[in-house]
> 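This is the structure I want to talk about, given as structure tokens.
Order of listing sets the numbers, starting from 1, for every ligand and every atom in it. Just so it is clear, the values below take in all heavy atoms, side chains as well, and ignore hydrogens, waters and symmetry mates.
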Amino acid sequence: MQGGRRVFSGIQPSGRSHLGTYLGALKNWVSVQDDYDCFFCIVDLHALTTPQDPKVLRANVREMAALYVAVGLDPERSIIFRQSRVSEHTELGWLLNCVARVGELSRMTQFKDKAQKGGADSASVGLYDYPVLQAADVLLYNAHLVPVGEDQRQHLELMRTLARRFNGLYGETFVVPEPMILDVGARVMALDDPTSKMSKSAPTPAGYVELLDEPDVIRRKIRRAKTDSGSEVVASPEKPAITNLLNIYAGLTGLSVSEIETRYEGKRYGDFKKDLGEVVVETLAPIRGRALELLDDPRELDDLLESGAERARKVAHATLRDAWTRMGLD
Ligand code: TYM
């Protein structure tokens with residue numbers, strides 16, 4: 001840690017990671033790790049806001065740690081850890097609960113969507129309060145930049161509001177973080193329904209490519225991805241399915257959508273999807289290989305997370321103490 005500008009981001013270990021998580025988050029984390037002091041968290045406390053099987057959760061945390069390393073995050077340079085092991089997250093979460101307003105949390109669209117699906121009355125209080133814990137995650141490290149997908153924009157806005165309000169009430173304490181949301185890949189849609197987001201809670205696995213899917217499974221899912229009427233490989237609002245596939249292609253190759261459209265002029269959806277399948281396999285097969293190797297040695301993954309938590313705790317504790325003092329808890 002050089003004491004430079006900081007990045008914080010996290011992923012919930014609830015269900016499998018998929019291409020959306022990769023393009024919206026992980027890939028961009030790798031791209032910032034040379035220029036920032038980075039904190040990459042496995043947000044296991046956030047996962048508890050919806051019911052989890054303890055055995056599955058335990059396995060998912062390790063799998064996530066393996067994926068973080070397998071995509072190219074370097075545990076020497078970046079701090080990789082799990083949220084529950086740094087108790088300062090929940091402690092600052094409480095302080096921020098006393099600054100956040102019920103009206104603000106009630107407006108969070110992700111809560112409204114999720115609560116609506118399961119019935120708002122039976123949604124956990126944790127699900128409602130989730131964005132405050134998320135704010136604590138980032139503010140504890142005084143992170144400047146938060147690389148996330150588009151669906152996190154509103155949570156980032158709330159986090160900025162809470163930082164500013166706290167600073168206004170108690171004096172300059174927190175850095176007001178900026179979201180890093182790229183144009184390409186920030187909102188990957190489901191393969192079987194381009195009107196809904198690719199999600200780990202999707203009803204069927206046909207909608208998403210898991211980062212640990214076998215190459216043939218990936219090829220099949222892409223081949224069967226929904227397409228629109230017509231046959232031209234061009235992005236347009238009338239063609240949400242092919243637009244989504246073009247975005248995935250662009251996100252993985254670094255080509256622009258118009259370059260890809262030119263490349264597929266006069267070709268059919270089938271040709272394009274066949275190539276896209278290979279593009280996805282080329283990216284994910286090495287990640288899968290490395291992750292499986294790492295998962296062979298769970299002790300090493302546990303050690304990595306433990307030493308990450310130790311490093312994170314030092315930074316987090318200093319910020320928490322500062323917040324305590326400013327609020328009169330010293
Ligand atoms: P989570 O676990 O739902 O998703 C992890 C990251 O992946 C991005 N993402 C997507 N991006 C593009 N297209 C998609 N279909 C897609 N699906 C997921 C998400 O935007 C996110 O960046 N609340 C957060 C976790 C969190 C966090 C934080 C993030 C907790 N504390 C502090 C940043 C900073 C969440 O549930 O992400």
> Under 4.0 Å, counting heavy atoms only: does His18 come that close to any atom of ligand 1?
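Yes; His18 lies near enough to ligand 1 that a heavy-atom distance drops under 4.0 Å.
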
> Got the closest protein heavy atom to atom 10 (C) of ligand 1, with its distance?
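Result for atom 10 (C) of ligand 1: Gly20 O, 3.3 Å.
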
> So, are Glu172 and Arg326 salt-bridged, with charged N and O less than 4.0 Å apart?
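Arg326 and Glu172: not salt-bridged.
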
> Considering both backbone and side-chain atoms of Glu150, is one of its nitrogen or oxygen atoms within less than 3.5 Å of a nitrogen or oxygen in ligand 1?
no

> Can an N or O of Ser9 be found at a distance shorter than 3.5 Å from an N or O of ligand 1?
no

> Are a donor atom and an acceptor atom from the side chains of His46 and Gln83 found within less than 3.5 Å of each other?
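There is such a pair between these side chains.
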
> Using a 4.0 Å cut-off to any heavy atom of Gly185, which atoms of ligand 1 qualify?
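Under 4.0 Å from Gly185, ligand 1 has these atoms: 12 (C).
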
> Salt-bridge test for Asp37 and Arg5: reply yes if a basic N is under 4.0 Å from a carboxylate O, no otherwise.
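Judged by the 4.0 Å cut-off on N to carboxylate O distance, Asp37 and Arg5 do not form a salt bridge.
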
> What donor-acceptor contacts under 3.5 angstrom involve side-chain atoms of residues 211-219, with partners at least two apart or in another chain?
residue: Asp213; atom: OD2; partner: Glu210; partner atom: N; Å: 2.9
residue: Asp213; atom: OD2; partner: Lys221; partner atom: NZ; Å: 2.7
residue: Asp216; atom: OD1; partner: Arg219; partner atom: NH1; Å: 2.9
residue: Arg219; atom: NE; partner: Glu278; partner atom: OE2; Å: 2.7
residue: Arg219; atom: NH2; partner: Glu278; partner atom: OE1; Å: 3.3

> I'd like to know if Glu232 pairs up with Lys267 as an ion pair, taking the criterion as any Lys NZ or Arg NE/NH1/NH2 lying under 4.0 Å from an Asp or Glu carboxylate oxygen.
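Salt bridge flag = no for Lys267 with Glu232.
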
> Run the numbers for me: atoms of ligand 1, each under 4.0 Å from some heavy atom of Val188, listed by number.
12 (C), 13 (N), 14 (C), 15 (N)

> Taking the minimum heavy-atom distance to atom 4 (O) of ligand 1, which of Leu26, Ile11, Leu45, Thr49 ranks first?
Ile11

> Taking heavy atoms and a distance under 4.0 Å, where does Met189 meet ligand 1: side chain, backbone, both or neither?
neither

> Looking at ligand 1, is there an atom of it that comes within less than 4.0 Å of some heavy atom belonging to Tyr208?
no

> I'd like to know if Leu23 contacts ligand 1, where contact means a heavy-atom distance under 4.0 Å to any ligand atom.
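Contact absent.
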
> Hey, is ligand 1 close enough to Gln134 that some N/O pair sits below 3.5 Å?
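Among all N and O atoms of Gln134, at least one is under 3.5 Å from an N or O of ligand 1.
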
> Can you tell me how the ring of His18 sits relative to the ring of Tyr208, calling it parallel under 30°, perpendicular over 60° and tilted otherwise?
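The arrangement is tilted - the two ring planes meet at 30° to 60°.
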
> Give me the residue, atom name and distance of the protein heavy atom closest to atom 8 (C) of ligand 1.
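Going atom by atom, the protein heavy atom closest to atom 8 (C) of ligand 1 ends up being Gly149 N, 4.0 Å.
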
> Would you call the rings of Phe39 and Phe8 parallel, tilted or perpendicular if under 30° counts as parallel and over 60° as perpendicular?
parallel

> Closer than 4.0 angstrom, basic N to acidic O: yes or no for Asp193 and Lys226?
no

> Report yes or no: does a heavy atom of Gln110 sit under 4.0 Å from some atom of ligand 1?
no

> Quick check on Ser17 - does any of its heavy atoms sit under 4.0 Å from an atom of ligand 1?
no

